[in-house]
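Remarks on the structure that follows.
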Amino acid sequence: MAVQTLKRIDEFRIEVPDTYVQGMKVPGVIYLDAALGEGLEERAIRQVANVATLPGIIKASLAMPDIHMGYGFAIGGVAAFGQEDGIISPGGVGYDINCGVRLLRSNLRADEVAPRLRELLGVLYEDIPSGVGSKGKLRLEPGELEKVMSLGARWAVSKGMGSAADLERTESGGSMEGADPSQVSVRARERGHSQIGSLGSGNHFLEVQKVDEIYDEQAAGKLGLFRGQVTVMIHTGSRGFGHQVCTDFLEVMERAVRKYGIALPDRELACAPVNSKEARDYLGAMRAAANYAWANRHVIMHWTRDAFMSVMGMGPKDLGMMMVYDVAHNMAKMEEHMVDGKKMMLAVHRKGATRAFPPGHPELPALYRETGQPVLVPGDMGRASFVLLGSQRAMEETWGSTCHGAGRVLSRHEALRRAKGRSIYRELEDRGIIVMSAGKQTLAEEMSEAYKDISSVVEVVHGAGLSAKVARLLPIGVVKG
Amino acid sequence: MSYETLDISGDAGIRAMGGSIREAFEAAATGMYSLITDLGCVREDRTIEVSAAGESPEGLLVRFLNELVFHFDAYGFVGKRVDIKQLEMENTGRGRLKADVHGEQFDPARHSRGLLIKAATYHGLLVEKKDGLWSLDVIFDI
């Protein structure tokens, strides 16, 4: 059925009518142009529609152009729920709580780094554990994990890694208030104990990049970016710690669904009323996992700076490796938004979607008050990544949200099939991209063809006015799990 | 008993079959380990005991597999052979099990790196008996 029953609103927006599945309280809106619309999966549309049946959903069930099928909520999904009659759902956040992206600028030009790039990647690969079965190099002392959960990146700064200037450039200051370690299970702690400072696997990466295109010179200047410059992007999350928090609370929410008599079209949408104990407990544990993720990205950044200093033989001042920003793209947050001209506190779920707050928003640091929030959108390892800025339009239409990445088009199996007999490593090298990967299989599964073209995804959010392009970054060196 | 991988966009799944629900569960667990690494290289050096309980056969399967995910992710234990010693299913659907898992410590020098499994999910989860054969579908978040 399906795709025919959708209504195109304009060049960049499709409406999923509120009759698409029974019980929809609001319509769905998917941000797609005609070309991306052709690849839209029926099951992903159904997931957007299913979310629209949840109690207290406001305005619309939204999805970004990198939409693909997830568990319960589609990846790329955004939904806000009222504080009085709405719900909180772990499925609207995902297993990798506060998976996100951090971008570092530098004073270096790509041609300065090129002669030492292979050596640099070797050091990064050695110092930052990645891949299946890898452990972080950091052993947390007893009691330390409690501080990670409560303080996030602030814990790392207190250990002498990075500085307060980094925290200012991190969403939520790298430390979410309201984390409740007492809601985190022993199992989650056991998984998290040895994984701080590790990348993980799958689509997570550390990339050395080159700024190859600037779309807005003035904004790029304010973000410290220039053409030909070397940047570093870190894409990872809360590792096994967050996965276990999600696993634990899906069970709690299953019971809550029965307790509160919530009718669900899909078990993975399990949820509880915003004001219930179950939702409060989940948010407390989720925030602890979010803080774990910020600490994780912060530690990895610190080791990255060390690697650059030792390989380039330069001090921190000359390197100028300041953070541009750090964004979360799997998170639920209580945020104030305007609904029909009135200020309301909402539970905003972003699952594979990035916050994109506009200029002047009180949550932004003074540094970005005028420009709006930097948005970091990673692509696949062979194409590009983008820096954008948040907008007022996003605030009005998508609860201040935009896309988070490319989105897969090929299954892992299909990617492996197509990679057979080819050397993905060699193909990338021929295009000037050096890759260090813990697993050959990961490399094939994560090849460019397995993903939508990031540029077409970014064109949609730019065209729809959800965020504005500032710069394009090309990978020159990749560390993969 | 046997298993095969399911091709899912973005993630990976296992279809496991067995003459009894116990056999099918064992096949699902072994199948999951086969996504993590090549089982041909895994030795049976150590045995861990795990237990799980669930409100339904589906819930029991997800919880059982998530126990194994936990032991791999937190302590690096990778299984090769799974032996369910006890499996009780009530009429209400509620069930519990105890299993011995034989395997060893994951060592990237000897073991290939396959998929990093975050969790077994309820998505597309299927436990059914057809013509005397139990068939299970389970999808993992990767």
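Chain identifiers are assigned alphabetically (A, B, ...) following the order of the sequence lines, protein sequences preceding nucleic acid strands; residue numbering begins at 1 within each chain.
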### Task
Taking only Lys NZ, Arg NE, NH1 and NH2, and the carboxylate oxygens of Asp or Glu, determine whether R255(A) and E55(B) approach each other closer than 4.0 Å.
no
### Message
Please classify the contact between R43(A) and chain B as side chain, backbone, both or neither, with a heavy-atom cut-off of under 4.5 Å.
### Response
neither
### Task
Could you check R63(B) against E251(A) for salt bridge (Lys or Arg N to Asp or Glu O under 4.0 Å), going step by step and ending with a plain yes or no?
CA-CA 9 Å; R63(B) 285 185 163 207; E251(A) 304 282 351; 3.0 Å; yes
### Atom group of Q47(A) that falls short of 4.5 Å from chain B, counting heavy atoms
side chain
### Summary
Looking only at G131(A), G72(A), G94(A), the option with the highest number of non-hydrogen pairs under 4.5 Å against chain B is G131(A)
### Message
Taking every non-hydrogen pair under 4.5 Å, which of H413(A), R412(A), E445(A), Q195(A) racks up the most with chain B?
### Response
R412(A)
### Task
Let me know if Q244(A) has heavy atoms under 4.5 Å from chain B in its side chain, its backbone, both or neither.
side chain
### Query
Of all of G200(A), G240(A), G481(A), A438(A), which one pairs up most often with chain B through heavy atoms under 4.5 Å apart?
A438(A)
### Query
How far does OG of S238(A) sit from NZ of K118(B), to the nearest 0.5 angstrom?
8.5 Å
## Note on the structure
If one checks every heavy atom of R267(A) against chain B at 4.5 Å, the contacting part turns out to be side chain
### Message
Once rounded to the nearest 0.5 Å, what's the spacing between atom CD of E254(A) and atom OG of S56(B)?
### Response
7.5 Å
### Query
Considering heavy atoms only, which positions within residues 109-116 of chain B lie below 4.5 Å of chain A?
R113(B), G114(B), L115(B), L116(B)
### Query
Around atom NZ of K98(B), are there more than 12 heavy atoms of other residues, nucleotides or ligands at under 6.0 Å?
no
### Any residue of residues 119-142 of chain B which, by heavy atoms, sits under 4.5 Å from chain A
A119(B), A120(B), T121(B), Y122(B), H123(B), I139(B), F140(B), D141(B), I142(B)
### Message
If you count heavy-atom pairs within less than 4.5 Å of chain B, which of R239(A), M69(A), H68(A), E190(A) leads?
### Response
E190(A)
### Portion of R191(A) that has a non-hydrogen atom of chain B nearer than 4.5 angstrom
both
### Message
Sort by residue number and list every residue of residues 64-77 of chain B having at least one heavy atom under 4.5 Å from chain A.
### Response
N66(B), E67(B), V69(B), F70(B), H71(B), F72(B), D73(B), A74(B), Y75(B)
### Query
Is there any residue in residues 37-54 of chain B with a non-hydrogen atom under 4.5 Å from a non-hydrogen atom of chain A, and which ones are they?
none
### E4(B) atom CD, neighbour heavy-atom count above 12 within 6.0 Å
yes
### Query
Where does D11(B) contact chain A at under 4.5 Å (heavy atoms): side chain, backbone, both or neither?
both
